[in-house]
Amino acid sequence: MAASSSSLQFTATPFNQFHSKQVPKHATKWGTIRCSAASPSKSYNITLLPGDGIGPEVISVAKNALQLVASIEGFKVAFEEMPMGGAALDAVGVPLPDETLNSAKKSDATLLGAIGGYKWDKNEKHLKPETGLLQLREGLQVFANLRPATVLPQLVDASTLKKEVAEGVDLMVVRELTGGIYFGKPRGFSTNENGQEIGFNTEVYAAYEIDRIARIAFETARKRRGKLCSVDKANVLEASMLWRKIVTALASEYPDVELSHMYVDNAAMQLVRNPKQFDTIVTNNIFGDILSDEASMITGSIGMLPSASLGAAGPGLFEPIHGSAPDIAGQDKANPLATMLSAAMLLKYGLGEEKAAQRIEAAVLDTLNRGFRTGDIHSAGHKLVGCKEMGEEVLKSIDSKTPASV
């Protein structure tokens, strides 16, 4: 991914080329340019999961963007909106209804808003919105989470880091998503030999889980600046020792990629001290969860960053990395740009519609160049707008561009 004042790019490769020889139906004809004047010859089914809090607001904006770029680029998109998270709990009593999962599995891609909120915080674990998200990832078998963190020139002053530290940051966190301590067994509650209550979880990785995520990371680094940092805790954890062993062994297959290793505590420090040293980071589920959120704040706002969760085959899951923000839900204060950029990643990684994705990315930058800001990225001299108006301005930018020709 490279960003400048005029471009925002997430390098795309058909995901099945990383790991699987099977080509899913939605990953064919990558990079095809369609004449906007032609009758739509291609159609895609997209499952929308608005979820909770600000989720419905940002999904609505992203949906409009998908519809517009599809019409310009000459393909069709059909949407099926399904409940998930707290909304599903309120409607049917479970955080991920079977119908929702089935819709996501049958679709070409799934776009998620946000889930969770104070209302459900005290629910038992199996009735928490977050449990539905873990179930969705597991059900779709999306094991690789790609989270870019780029400090855009237009927003460098929004970073809490000094300008000279934040300026030029452009990194990608590749997080293993379906293994590790979040899914490991045994887990649960018990009592120890002193009769005290304990809670326990298991950090466990099989060799194949490490191998497949490492290959994704090497391929990602190869298409960026050729530097890969593997983050672990191999000085303490056996699971990390195996992680480092397998990642190191794979390096010989990627001689064009410079591999380094870093303990997670040092990585957390280095992300704040000198984030420009990183290009691509690969790490396990829990470390990736933490480090990607830390990296997001270098950019100035978690409301700016998209993500893609992908598997060896089948539909991917695309979502902004921010939460449901219940404090501002329904107040038209949310930043929809992370969701719109997630929609761009959906087009690029999920559908192979490169030109349509670039239209959204360019329109986001154009809107920022024209001075529009939501509250989370606002500064003096810029126009403060709400979620809806920000979306409308991005749509204007998309619509003002000359359609691509064959």
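Just so we're clear, the structure is a prediction, and the values are computed from it rather than from any experiment.
- How far CG of Asp376 is from NE2 of His322: 9.0 Å, rounded to the nearest 0.5 Å.
- Considering all non-hydrogen atoms of both residues, Trp120 and Ala87 come closest at CZ2-N, 4.3 Å.
- Residues Gln270 and Met262 approach most closely at CG-SD, 4.0 Å, considering heavy atoms.
- Shown here for Met340 and Ile360, the closest heavy-atom pair between the two residues is O-CG2, 3.4 Å.
- Taken from CG in Leu146 to OG1 in Thr220, the straight-line distance is 5.0 Å, to the nearest 0.5 Å.
- Looking at Ser324, its side chain never comes within 3.5 Å of a backbone N or O of Ala114 through a donor-acceptor pair.
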Working for side chain to side chain contact (heavy atoms under 4.5 Å, CB included), residues Arg137 and Tyr182: CA-CA 12 Å; Arg137 292 169 177 170; Tyr182 292 166; 5.7 Å; no
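- Other residues, nucleotides and ligands place more than 12 heavy atoms under 6.0 Å from the CD atom of Glu164.
- Annotation: Lys333, atom NZ; neighbour count of heavy atoms from other residues, nucleotides and ligands within 6.0 Å does not exceed 12.
- One distance of note links OG1 of Thr202 with NZ of Lys185; it measures 10.5 Å at 0.5 Å rounding.
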Side chain to side chain contact (heavy atoms under 4.5 Å, CB included), that's the test. Do Thr178 and Gln141 meet it? Break it down for me. CA-CA 7 Å; Thr178 57; Gln141 298 181 2; over 6 Å; no
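- A side-chain N or O of Thr248 and one of His261 form a donor-acceptor pair less than 3.5 Å apart.
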So Phe143 and Glu209, side chain to side chain contact (heavy atoms under 4.5 Å, CB included) or not? Walk me through it. CA-CA 8 Å; Phe143 65 85; Glu209 293 177 299; over 6 Å; no
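- Ionic pairing of Asp366 and Lys396 is not present here: no N-O contact between side-chain nitrogen and carboxylate oxygen is shorter than 4.0 angstrom.
- The closest donor-acceptor contact from the side chain of Arg373 to the backbone of Leu368 lies under 3.5 Å.
- With a 4.5 Å cut-off on side-chain heavy atoms, Asp90 and Lys119 count as touching.
- Considering all non-hydrogen atoms of both residues, Thr374 and Pro336 come closest at CG2-CD, 4.2 Å.
- Looking at heavy atoms from C-beta onward, Leu66 lies in side-chain contact with Phe79 at the 4.5 angstrom threshold.
- Under the 3.5 Å distance criterion, the side-chain polar atoms of Asn194 are left unmatched by any main-chain donor or acceptor of Gln196.
- Smallest separation of non-hydrogen atoms from Pro306 and Pro148: O-CD, 3.5 Å.
- Put simply, the side chain of Asn45 does not reach to within 4.5 Å of the side chain of Lys106, judged on heavy atoms.
- Looking only at distances, no side-chain donor or acceptor of Lys105 sits under 3.5 Å from a matching main-chain atom of Gly314.
- A donor-acceptor contact shorter than 3.5 Å is absent between the side chain of Ser307 and the backbone of Arg147.
- A distance of 9.0 Å separates CG of Asn284 from CG of Leu291, quoted to the nearest 0.5 Å.
- For Phe287, the ring-ring contact (aromatic ring centres under 6.0 Å, His included) criterion is met by no residue, not counting sequence neighbours.
- A donor-acceptor pair is defined here as one N or O able to donate and one able to accept, closer than 3.5 Å; no such pair exists between the side chain of Arg359 and the backbone of Glu73.
- Side chains of Asp232 and Leu237 form no contact here, defined as non-hydrogen atoms less than 4.5 Å apart.
- Counting heavy-atom neighbours within 6.0 Å of Phe189 CZ, excluding the residue itself, gives a total of 12 or less.
- In terms of modelled atom types and a separation under 3.5 Å, the side chain of Lys227 and the main chain of Leu259 share no donor-acceptor contact.
- Ser103 places no side-chain N or O within 3.5 Å of a backbone atom of Thr100 that could act as its donor or acceptor partner.
- Counting all heavy atoms, side chain and backbone alike, Met345 lies closest to Phe318 at O-CE2, 3.5 Å.
- With respect to Asp265 and Lys233, a salt bridge is recorded, a charged nitrogen being found less than 4.0 Å from a carboxylate O.
- Between the CG atom of Leu127 and the CG atom of Leu89 there is a distance of 6.0 Å, given to the nearest 0.5 Å.
- Taking 4.0 Å as the cut-off between side-chain N and carboxylate O, Arg225 and Asp279 count as a salt-bridged pair.
- Counting heavy atoms from C-beta outward, Leu133 and Leu112 have side chains that approach closer than 4.5 Å.
- Contact annotation: the side chain of Arg175 approaches that of Asn285 to within less than 4.5 Å [non-hydrogen atoms, C-beta and beyond].
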Applying side chain to side chain contact (heavy atoms under 4.5 Å, CB included) to Thr131 and Asn123, what does each step give before you reach the verdict? CA-CA 11 Å; Thr131 297; Asn123 285 16; over 6 Å; no
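- Sorted by first and then second residue, the side chain to side chain donor-acceptor pair (under 3.5 Å) pairs with a member in residues 50-67 form an empty list; sequence neighbours excluded.
- Contact check for Phe75 versus Leu347: side-chain heavy atoms found under the 4.5 Å cut-off.
- Distance alone, capped at 3.5 Å, is enough to place a donor-acceptor pair between the Arg224 side chain and the Asp170 backbone.
- Side-chain contact between Glu353 and Lys42 is present, with at least one heavy-atom pair separated by less than 4.5 Å.
- Residues satisfying the ring-ring contact (aromatic ring centres under 6.0 Å, His included) criterion with Phe183, sequence neighbours excluded, are absent altogether.
- Distance alone, capped at 3.5 Å, is enough to place a donor-acceptor pair between the Asp332 side chain and the Lys388 backbone.
- We find the OG-CD1 distance between Ser190 and Ile198 to be 5.0 Å, quoted to the nearest 0.5 Å.
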